[in-house]
K.L.:
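Before I ask anything, let me first share the structure, which is written out below as structure tokens.
Within every chain, numbering begins at 1; the chains are lettered A, B, ... in the order of the sequence lines, protein sequences first and strands thereafter.
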Amino acid sequence: MSTNEPAITVDFIRNIVAKDLAVGKNAGKVVTRFPPEPNGYLHIGHAKSICLNFGIAQENSPGTCHLRFDDTNPEKEDEEYIQAIKDDVKWLGFDWKENLFFASNYFDKLFELAQVLIKNGDAYVCSLSANDIREYRGTLTEPGKNSPDRDRSPAENLDLFLRMRDGEFADGSYTLRAKIDMASPNINMRDPALYRIRRATHHQTGDKWCIYPIYDYTHCISDALEGITHSLCTLEFEDHRPLYDWILDRLEDQLKQHPQQIEFSRLALDFTVVSKRKLIQLVNDNFVAGWDDPRMPTISGLRRRGYTPESIRNFCNRIGITKSPNNVEIGFLEGCLREDLESKALRSMAILKPLKVVIENYPEDKIEPLTAPNHPQNPELGNRTIYMTREVYIDHEDFLEVAPNKKFKRLVAGKEVRLRNSYVIKCEEVIKDSNSGEIVELRCSYDENTLNTNPEGRKVKGVIHWVSATKAVKAEIRLYDRLFKNANPEEGGNFLDNINPNSLTILKDCPIESSLAQAKTGDTFQFERVGYFSKDPDSTDDYPIFNRAVTLRDSWAKILSPRRASR
RNA sequence: UGGGCCGUCGCCAAGCGGUAAGGCCCCGGAUUUUGAUUCCGGUAUGCGGAGGUUCGAAUCCUCCCGGCCCAGCCA
């Protein structure tokens, strides 16, 4: 990955890691992990965690970062997600090398350690139903009460636990629970479940097990077994840390490592939802075309939209790592993309809403090749050939019969404008549909002495983009807008009620520059004066499809409709 | 009103007792064959509030206010 990403201010977690290193803790090593559950696709919030965990490992050579699938709930997980997650992490630019793990790799060990807990009187088999457990747990303000099975002997617990594993009992009939404190003010410490009986085929272990360990029990031990030094997770696990430590403390003779769990706030992006549950609902209920729909905040959706790994990494570095609510404006993400694409994307021209222009004094059959730079500031990116012809298309928005104000610098009836990389033209006549009055064509003239040079004695300040009508390639262009109408999609209670019905606009048969016919899927261009567009995989050989990744900044739009003063 | 956290410019975020970094946005202005980019300049007498300690407080103490998370045999 590139190394010229701007330095970031050091966050509190990196400070802790640095301090630990300074005092020689963990034998001077740093081992982190990114532990997704394979029950959905990765999203921008995961990118934050990936950049943090892999980033810290990279910065502290020879640090390593493990990719570990937290696969303890087979009913919700799927092999499809495992592959997608690996692809996304790689695409983002990170490498777990040989450190690919599954929590299910440790099922045997976990089972063995559970027996240690039982023998030591730290865990017991409970016959309470799920409902009963809930009732016995108490509430936020009232303590819970002990399970009637709480004082079963270790021997009996051991026998029961083995028989749970052997499939003697029905799903849900027993659980293994930690014996902690039913009166704890921290509900997670009120004898949390460690194992449940669930006859489900596991994507990794098949039908070997009918009991599966719970997250709290599994995660800390997995971390310890892998020699993780810093176990980084989001704030909602803060209340689980005492349990994390409790389990590792009881097993300290069996485990060599006691990783430190550190929590940071999760990312919230306005105008979007970042929750696997909600994203899966958008997919399953067809509010979007799939996990990689360009409107989705998933890594795959952003990729298809035209986001680059660099832009996402840069975004993650800029938003920082803290414990305060990380509510980031969507414009911030978009800005990171623009910044990256500005220097990298090749320029070209495309017309979203065509208006035909006939240049009456231009020779009928002439096709004049012109050279246009691929990037205005970087000649190294080369040139391309564009074709000037008698008939061209310009964008409807670039013409007005009468200028709305003195600042308007596009084409106006009777006035001149420059066709980018070509000649200056003058609008001689406006042709309208006799019924609707709609402008359907412009008759213009051109000044043959204005190629690559300014006209004599007058200044033409406007420059508009255009495409030859005869040489143009037709393409579908998909314009995306935010998926939700409100900055906070939860407003009003149900995020589905706030879906933006106009989040996708499909433009058919847009004339685009012929050079674009060679574009490959995933190539991203700047359509000058319009935005950045990426070629979609739905494209066919003769009908390209482009997704608008992000618009260009548009200060003219601000002049036309100024935003409410924000200060 | 049990427990755990969090409150510094519109957004993100430094700061850790010595007198408010930076980024994004925004506002001016310059350059520009993209109203893009780039470049200059501007934007918190103020750190959720009120008291207190101190020569000195965003930083320490007290009280108060606001927000988030937790009652899955999910993660």
K.L.:
So, OP1 or OP2 of B:C70: does either fall under 4.0 Å of a side-chain N or O from A:R241?
P.N.:
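No, because none of the side-chain N or O atoms of A:R241 sits under 4.0 Å from OP1 or OP2 of B:C70.
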K.L.:
At 4.0 Å (heavy atoms only), tell me whether A:L451 reaches a base, stays on the sugar-phosphate, or touches nothing.
P.N.:
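Here A:L451 touches the bases of the nucleic acid.
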K.L.:
Would you say a side-chain N or O of A:S184 is under 4.0 Å from OP1 or OP2 of B:G2?
P.N.:
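So the side chain of A:S184 is outside the cut-off, no N or O lying under 4.0 Å from OP1 or OP2 of B:G2.
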K.L.:
Hey, are A:R33 and A:E226 close enough for a salt bridge, meaning a charged N less than 4.0 Å from a carboxylate O?
P.N.:
no
K.L.:
Quantified in whole Å, what is the P atom distance between nucleotide B:G66 and nucleotide B:C39?
P.N.:
45 Å
K.L.:
With A:C220, which of A:L225, A:I247, A:I228 fulfils side-chain contact (heavy atoms from CB on, under 4.5 Å)?
P.N.:
A:I247
K.L.:
Expressed as a whole number of angstroms, how long is the span from A:D239:CG to B:G72:C1'?
P.N.:
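It is 15 Å, rounded to the nearest whole Å.
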K.L.:
Going by ring pair (Phe, Tyr, Trp, His ring centres under 6.0 Å), name the residues that satisfy it together with A:Y195, two or more places apart in sequence or in a different chain.
P.N.:
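Checked A:Y195 against ring pair (Phe, Tyr, Trp, His ring centres under 6.0 Å); matches are A:F161, A:Y217.
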K.L.:
Would you please determine if the base of B:A75 is stacked by A:Y215, with stacking meaning a centroid separation under 5.5 angstrom and planes under 30 degrees?
P.N.:
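Not stacked by the 5.5 Å and 30° rule.
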K.L.:
Let's test this: given Watson-Crick or G-U wobble pairing with both distances under 3.5 Å, identify the partner of B:G22.
P.N.:
B:C12
K.L.:
Write down the distance separating the P atoms in B:C64 and B:C70, rounded off to the nearest Å.
P.N.:
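Per the computed distance, 25 Å lies between those P atoms.
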K.L.:
Expressed as a whole number of Å, how far does the P atom of B:G2 sit from that of B:C63?
P.N.:
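Going atom to atom, P in each nucleotide, I get 15 Å.
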K.L.:
Using the P atom in both, what is the distance from B:C6 to B:C61, to the nearest Å?
P.N.:
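Nearest-Å result for B:C6 against B:C61 at atom P: 14 Å.
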K.L.:
Who pairs with A:R482 by salt bridge (charged side-chain N to carboxylate O under 4.0 Å, His left out), at least two apart in sequence or on another chain?
P.N.:
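Scan of A:R482 (salt bridge (charged side-chain N to carboxylate O under 4.0 Å, His left out), adjacent residues dropped) gives A:E334.
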K.L.:
Contact between A:F527 and A:M349 at the side-chain level, heavy atoms closer than 4.5 Å - yes or no?
P.N.:
no
K.L.:
Residues two or more places apart in sequence or in another chain: which of them pass salt bridge (charged side-chain N to carboxylate O under 4.0 Å, His left out) with A:R137?
P.N.:
none
K.L.:
Classify the side chain of A:H465 versus the base of B:A36 as yes if they form a donor-acceptor pair under 3.5 Å and no if they do not.
P.N.:
no
K.L.:
Using the C1' atom as the point on both nucleotides, what is the distance between B:U19 and B:C47, in whole Å?
P.N.:
13 Å
K.L.:
Just by distance, no angles: are the side chains of A:N39 and A:E37 close enough, under 3.5 Å, to form a donor-acceptor pair?
P.N.:
yes
K.L.:
Under the rule for side chain to side chain donor-acceptor pair (under 3.5 Å), what residues qualify as partners of A:D223, not counting sequence neighbours?
P.N.:
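In terms of side chain to side chain donor-acceptor pair (under 3.5 Å), with neighbours along the sequence ignored, A:D223 is linked to A:R68, A:S231, A:Y244.
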K.L.:
Can you identify which nucleotide, out of B:G3, B:A75, B:U33, has its nearest atom closest to the A:P185 side chain?
P.N.:
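Side chain of A:P185 sits closest to B:G3.
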K.L.:
Using whole Å, report how far OH of A:Y195 lies from P of B:A75.
P.N.:
12 Å
K.L.:
Verify the distance criterion only: is there a donor paired with an acceptor across the side chains of A:N314 and A:R318 at less than 3.5 Å?
P.N.:
yes
K.L.:
Do we see a donor-acceptor contact under 3.5 Å between the side chains of A:S104 and A:D71?
P.N.:
yes
K.L.:
How close or far is atom P of B:C6 from atom CZ of A:F264, stated in whole angstroms?
P.N.:
15 Å
K.L.:
Pick out the pairs of N or O atoms, protein on one side and nucleotides 11-13 of chain B on the other, that lie under 3.5 Å.
P.N.:
from: B:C11; atom 1: O4'; to: A:E329; atom 2: OE2; distance (Å): 2.9
from: B:C11; atom 1: O3'; to: A:N327; atom 2: O; distance (Å): 3.0
from: B:C11; atom 1: O2'; to: A:N327; atom 2: O; distance (Å): 3.1
from: B:C12; atom 1: O3'; to: A:N326; atom 2: ND2; distance (Å): 3.0
from: B:C12; atom 1: O2'; to: A:I319; atom 2: O; distance (Å): 2.7
from: B:A13; atom 1: OP1; to: A:T322; atom 2: OG1; distance (Å): 2.7

K.L.:
Please enumerate all residues that pass ring pair (Phe, Tyr, Trp, His ring centres under 6.0 Å) together with A:Y81, with sequence neighbours excluded.
P.N.:
A:Y41
K.L.:
If the glycosidic angle is within 90 degrees of 0 it's syn, otherwise anti, so just tell me which one B:G72 is.
P.N.:
syn
K.L.:
Are any protein N/O atoms closer than 3.5 Å to N/O atoms in nucleotides 38-40 of chain B? If there are, list each pair with its distance.
P.N.:
none

K.L.:
When all nucleic acid strands are considered with a 4.0 Å heavy-atom cut-off, which category describes A:H219: base, sugar-phosphate, or nothing?
P.N.:
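It contacts nothing in the nucleic acid.
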K.L.:
Using atom CD of A:E236 as one end and atom P of B:C5 as the other, report the distance to the nearest whole Å.
P.N.:
15 Å
K.L.:
Examine B:G2: is either OP1 or OP2 under 4.0 Å from a nitrogen or oxygen in the side chain of A:R190? Give yes or no.
P.N.:
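A:R190 to B:G2 OP1/OP2: no side-chain N or O under 4.0 Å.
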K.L.:
Please report the distance, rounded to the nearest Å, between CD in A:Q377 and C1' in B:U34.
P.N.:
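Atom-to-atom, A:Q377 to B:U34, this comes out as 9 Å.
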K.L.:
For A:P35, report the nucleic acid contact type (base, sugar-phosphate, nothing); a contact means any heavy atom under 4.0 Å.
P.N.:
nothing
K.L.:
Using Watson-Crick or G-U wobble geometry with both distances below 3.5 Å, tell me the partner of B:G66, or none.
P.N.:
B:C6
K.L.:
Does A:R196 put a side-chain nitrogen or oxygen below 4.0 Å from OP1 or OP2 of B:C74?
P.N.:
yes
K.L.:
Of the nucleotides B:G35, B:C70, B:G4, which one has an atom closest to the side chain of A:N188?
P.N.:
B:C70
K.L.:
Could you tell me which residues satisfy salt bridge (charged side-chain N to carboxylate O under 4.0 Å, His left out) with A:R150, sequence neighbours excluded, listed by chain and number?
P.N.:
A:D191
K.L.:
How close or far is atom P of B:G35 from atom CD of A:E397, stated in whole angstroms?
P.N.:
13 Å
K.L.:
With C1' as the reference atom in both, quote the distance from B:A71 to B:G7 in angstrom, rounded to an integer.
P.N.:
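So the two C1' atoms sit 26 Å from each other.
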K.L.:
Does A:S324 have any side chain to side chain donor-acceptor pair (under 3.5 Å) partners at least two apart in sequence or in another chain, and if so, which?
P.N.:
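Result, side chain to side chain donor-acceptor pair (under 3.5 Å) vs A:S324: A:T322.
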K.L.:
Both distances under 3.5 Å, Watson-Crick or G-U wobble: report the partner of B:G41, or none.
P.N.:
B:C27
K.L.:
Can you name the residues that form a salt bridge (charged side-chain N to carboxylate O under 4.0 Å, His left out) with A:D149, not counting sequence neighbours?
P.N.:
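Salt bridge (charged side-chain N to carboxylate O under 4.0 Å, His left out) list for A:D149, sorted by chain: A:R152.
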K.L.:
What about A:R529, does its side chain sit under 3.5 Å from the base of B:U34 through a donor-acceptor pair?
P.N.:
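Side chain to base: no pair below 3.5 Å.
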K.L.:
Establish, with yes or no, whether the OP1 or OP2 oxygen of B:G72 is under 4.0 angstrom from a side-chain nitrogen or oxygen of A:R134.
P.N.:
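Yes.
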K.L.:
One thing to verify: whether A:E339 and A:K344 come together as a salt bridge, which I'm taking to mean a side-chain N less than 4.0 angstrom from a carboxylate O.
P.N.:
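A:E339 and A:K344: not salt-bridged.
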K.L.:
Tabulate protein N/O versus nucleotide N/O from nucleotides 30-32 of chain B, keeping only pairs under 3.5 Å, one per line.
P.N.:
none

K.L.:
How close or far is atom P of B:G4 from atom CG of A:N186, stated in whole angstroms?
P.N.:
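Distance check: A:N186 CG to B:G4 P gives 9 Å.
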K.L.:
I'd like the C1' distance from B:C16 over to B:G10, given in whole Å.
P.N.:
27 Å
K.L.:
If you check every side-chain atom of A:L140, which of B:G2, B:C73, B:U33 has the closest atom?
P.N.:
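For A:L140, the side-chain atoms sit closest to B:G2.
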K.L.:
Write down the distance separating the C1' atoms in B:C25 and B:A13, rounded off to the nearest Å.
P.N.:
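One C1' to the other, the span is 14 Å.
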K.L.:
In whole angstrom, what separates A:R14's CZ from B:A14's C1'?
P.N.:
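It works out to 14 Å between those atoms.
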K.L.:
Counting any heavy atom closer than 4.0 Å, what does A:T218 reach on the DNA or RNA strands: base, sugar-phosphate only, or nothing?
P.N.:
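No contact.
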K.L.:
Can you tell me the Watson-Crick or wobble partner of B:G17, both distances under 3.5 angstrom?
P.N.:
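Its partner is none (no Watson-Crick or G-U wobble pair with both distances under 3.5 Å).
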K.L.:
Can you list the residues that meet the side chain to side chain donor-acceptor pair (under 3.5 Å) rule with A:S343, with sequence neighbours excluded?
P.N.:
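Once residues adjacent in sequence are excluded, A:S343 has no partner under the side chain to side chain donor-acceptor pair (under 3.5 Å) criterion.
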K.L.:
At 4.0 Å (heavy atoms only), tell me whether A:K461 reaches a base, stays on the sugar-phosphate, or touches nothing.
P.N.:
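Counting heavy atoms under 4.0 Å across all strands, no contact is made by A:K461.
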K.L.:
Any strand is fair game: report the nucleotide pairing with B:C73 by Watson-Crick or G-U wobble, both distances under 3.5 Å, or none.
P.N.:
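Result: none.
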